[in-house]
2 protein chains.
Amino acid sequence: MPLSAAAIVEAAHRLLLDYGLQDVSMRRLAGELDVRPGALYYHVPSKQQLLADVAHRILAPLADPPGTVGVEELMRRFRATVLPIRDGADLMLIAFGLNPGLPPVPALRRGLERLGLASDQAHERAQIVMHFALGAVAAEQNAALLHPTPETPDRETTGPEATGPEATGPETTGGAALYDEGLRLLMPTAD
Amino acid sequence: MPLSAAAIVEAAHRLLLDYGLQDVSMRRLAGELDVRPGALYYHVPSKQQLLADVAHRILAPLADPPGTVGVEELMRRFRATVLPIRDGADLMLIAFGLNPGLPPVPALRRGLERLGLASDQAHERAQIVMHFALGAVAAEQNAALLHPTPETPDRETTGPEATGPEATGPETTGGAALYDEGLRLLMPTAD
DNA sequence: ACCTGAACACCGTTCAAGT
DNA sequence: ACCTGAACACCGTTCAAGT
């Protein structure tokens with residue numbers, strides 16, 4: 001088969017999961033697909049759009065949570081999805097810049113309305129929650145990359161139930177606890 | 001004079017303010033300073049460390065706010081400082097990864113303690129607030145860059161009182177109002 | 001001590017030309 | 001229609017050698 005946008009997105013996704021965002025280059029991608037770099041541009045308009053498509057694929061499971069999952073659980077899943085990807089939050093920041101209505105957002109809005117917020121309020125609150133989530137995961141990933149704790153587990157061979165680090169922080173609260181607390185503060189209350 | 005770390009940081013700072021993070025390359029910096037790229041590495045260990053030093057310079061005014069400025073005002077100043085710099089939030093994300101105690105953070109902690117939080121609580125809350133601020137400014141900048149609103153003012157020739165965009169959002173609340181609301185939700189209350 | 005020259009191993013993107 | 005070849009204009013970093 002001749003190569004296609006879908007095949008390129010899939011290869012980029014694999015490269016991202018296996019090596020991280022830094023290693024997803026158009027040239028490396030071309031190598032992986034056994035074509036010259038220029039060939040990719042017949043199928044995708046730019047690296048940026050390609051990355052946005054990859055992000056969409058990754059976040060698709062958060063589009064319509066099965067049953068009625070709570071807002072906090074939804075956002076915990078967002079963190080769990082993005083955290084294991086190297087520079088995953090940077091990718092999501094790019095993707096949300098291109099398309100602010102990406103997957104967790106509509107479900108987040110609906111969930112906030114279910115909690116009593118009017119449509120406008122829910123829209124606003126959803127953005128605030130997303131901003132916090134993106135900042136928190138980005139900070140957590142950068143901290144881990146830049147001064148890494150000894151014994152990074154390096155997921156691989158771990159089953160699908162692998163959730164994340166939770167290495168006992170040096171003087172800070174663990175990333176998950178901090179994140180949960182932030183979510184809690186941003187949840188609607190009678191105020 | 002022979003070139004120095006300080007001179008390199010200053011040139012990088014100028015390049016950042018004038019052209020944005022994308023144009024701060026070691027090679028371009030070298031050109032600006034009339035040396036070959038390798039010369040820079042005699043004075044700075046890496047681009048990453050250089051950028052962290054530049055970030056420190058930029059955030060220095062937020063280290064000890066004159067008088068006793070409120071927490072919300074402090075964080076508004078953080079936004080106002082970072083927003084006019086192209087990809088400023090990306091830079092700050094790098095910088096805070098390297099050094100989580102950068103300028104607004106200690107003042108933020110002190111301010112939160114003044115509002116009644118115990119030391120541990122203030123530390124935790126400060127991180128949460130910083131995560132939100134970083135995410136919010138990063139999202140705002142990416143949105144502006146990726147699908148720019150017509151008539152970007154393009155600061156320059158504008159006086160020192162230039163504060164920022166505030167273009168009437170299409171369907172969303174303006175960036176400043178959204179940011180302020182996020183801050184408000186994260187401020188300590190009796191709960 | 002401080003810097004150059006030159007290399008190593010890369011980037012994203014374009015586009016005439018081939019099949 | 002789909003891809004190659006080749007270029008354009010770049011990257012960060014290292015390091016022997018010069019002064």
Side-chain angles (χ1 to χ4, degrees), chain A residues 1-16 18-55 85-88 90-91 93-95 97-98 142 145-148, chain B residues 1-16 18-55 85-88 90-91 93-95 97-98 142 145-148:
Chain A
M1 62 264 116
L3 186 63
S4 65
I8 295 171
V9 171
E10 196 196 321
H13 189 171
R14 212 166 39 234
L15 222 40
L16 179 72
D18 290 347
Y19 303 100
L21 189 57
Q22 325 244 29
D23 289 56
V24 183
S25 72
M26 298 305 271
R27 301 182 102 100
R28 177 142 182 200
L29 207 42
E32 216 80 20
L33 292 163
D34 271 303
V35 292
R36 276 353 93 196
L40 302 176
Y41 286 88
Y42 188 81
H43 301 279
V44 302
S46 68
K47 184 182 179 182
Q48 194 148 97
Q49 188 54 58
L50 172 59
L51 289 180
D53 291 349
V54 171
I85 300 169
R86 281 229 200 187
D87 293 309
D90 292 352
L91 171 67
L93 245 2
I94 294 170
L98 246 333
N142 282 8
L145 251 74
L146 267 38
H147 35 81
Chain B
M1 62 264 112
L3 187 63
S4 65
I8 295 171
V9 171
E10 196 195 320
H13 189 170
R14 212 166 39 232
L15 222 41
L16 180 71
D18 290 347
Y19 304 100
L21 189 58
Q22 326 244 27
D23 288 57
V24 183
S25 73
M26 297 305 272
R27 300 183 103 100
R28 177 140 182 201
L29 208 40
E32 217 79 20
L33 292 163
D34 270 305
V35 292
R36 273 357 92 196
L40 301 176
Y41 286 87
Y42 188 81
H43 301 279
V44 302
S46 68
K47 184 181 179 181
Q48 194 147 98
Q49 187 55 56
L50 171 60
L51 290 179
D53 291 348
V54 172
I85 302 168
R86 280 230 201 187
D87 293 310
D90 292 353
L91 171 68
L93 246 1
I94 293 171
L98 246 332
N142 282 9
L145 251 74
L146 267 38
H147 35 81

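What you see below is based on every heavy atom in this structure, not just the backbone, and it leaves out hydrogens, waters and symmetry mates. Every chain is numbered from 1, with letters handed out A, B, ... down the list of sequences.
Under the 6.0 Å distance and 45° angle rule, A:Arg14 does not count as a cation-pi partner of A:Tyr19.
In this structure, A:Ser25 and A:Gly38 both approach DNA chain C, and ranking their closest nucleotides by distance from the 5' end singles out A:Ser25. Across the interface with DNA chain C, nearest-nucleotide mapping of A:Asp23 and B:Arg27 shows B:Arg27 to be the residue nearer the 5′ end.
For A:Tyr41, taking side-chain heavy atoms from C-beta onward, the closest of the listed nucleotides C:dT14, C:dT4, C:dC11 is C:dT14. Comparing C:dT13, D:dA1, C:dA7 by their nearest atom to the side chain of A:Tyr42 picks out D:dA1. Between C:dT13, C:dG5, D:dT4, one nucleotide has an atom nearer to the side chain of A:Ser46 than all others, and that is C:dT13.
When rounded to the nearest whole Å, the span between CG of B:Leu40 and P of C:dT4 equals 9 Å. The CG-P distance, from A:Leu29 to C:dT13, rounds to 12 Å in whole Å. If you take NZ of A:Lys47 and P of C:dC10, they are 14 Å apart, rounded to a whole angstrom. Computed from coordinates, the B:Met26 CE to C:dA7 P distance equals 21 Å when rounded to whole Å. Rounding to whole angstrom units, CZ of residue A:Arg36 and P of C:dC11 are separated by 14 Å. Regarding B:Leu51, its CG atom lies at a distance of 14 Å from the P atom of D:dC11, rounded to whole Å. Rounded to an integer number of Å, the gap from CG of B:Leu3 to C1' of C:dA1 is 12 Å.
A gap of 15 Å separates the C1' atoms of C:dA1 and D:dA17, to the nearest Å. D:dC8 and C:dC10 are spaced 22 Å apart, taking the P atom of each and rounding to whole Å. D:dA9 and C:dA9 have their P atoms separated by 25 Å, with the value rounded to a whole Å.
Under the Watson-Crick or G-U wobble criterion, with both distances below 3.5 Å, D:dA17 is left unpaired in every strand shown. Pairing of C:dG12, defined by two Watson-Crick or G-U wobble distances under 3.5 Å, is identified with D:dC8.
Residues A:Leu51 and A:Leu21 have side chains in contact (heavy-atom distance under 4.5 Å, counting atoms from C-beta outward). Contact check for B:Leu50 versus B:Met26: side-chain heavy atoms found under the 4.5 Å cut-off. The side-chain heavy atoms of B:Ile8 and B:His43, taken from C-beta on, include a pair separated by under 4.5 Å.
Among all heavy-atom pairs drawn from A:Ala55 and A:Ala95, the shortest one is CB-CB, 3.4 Å.
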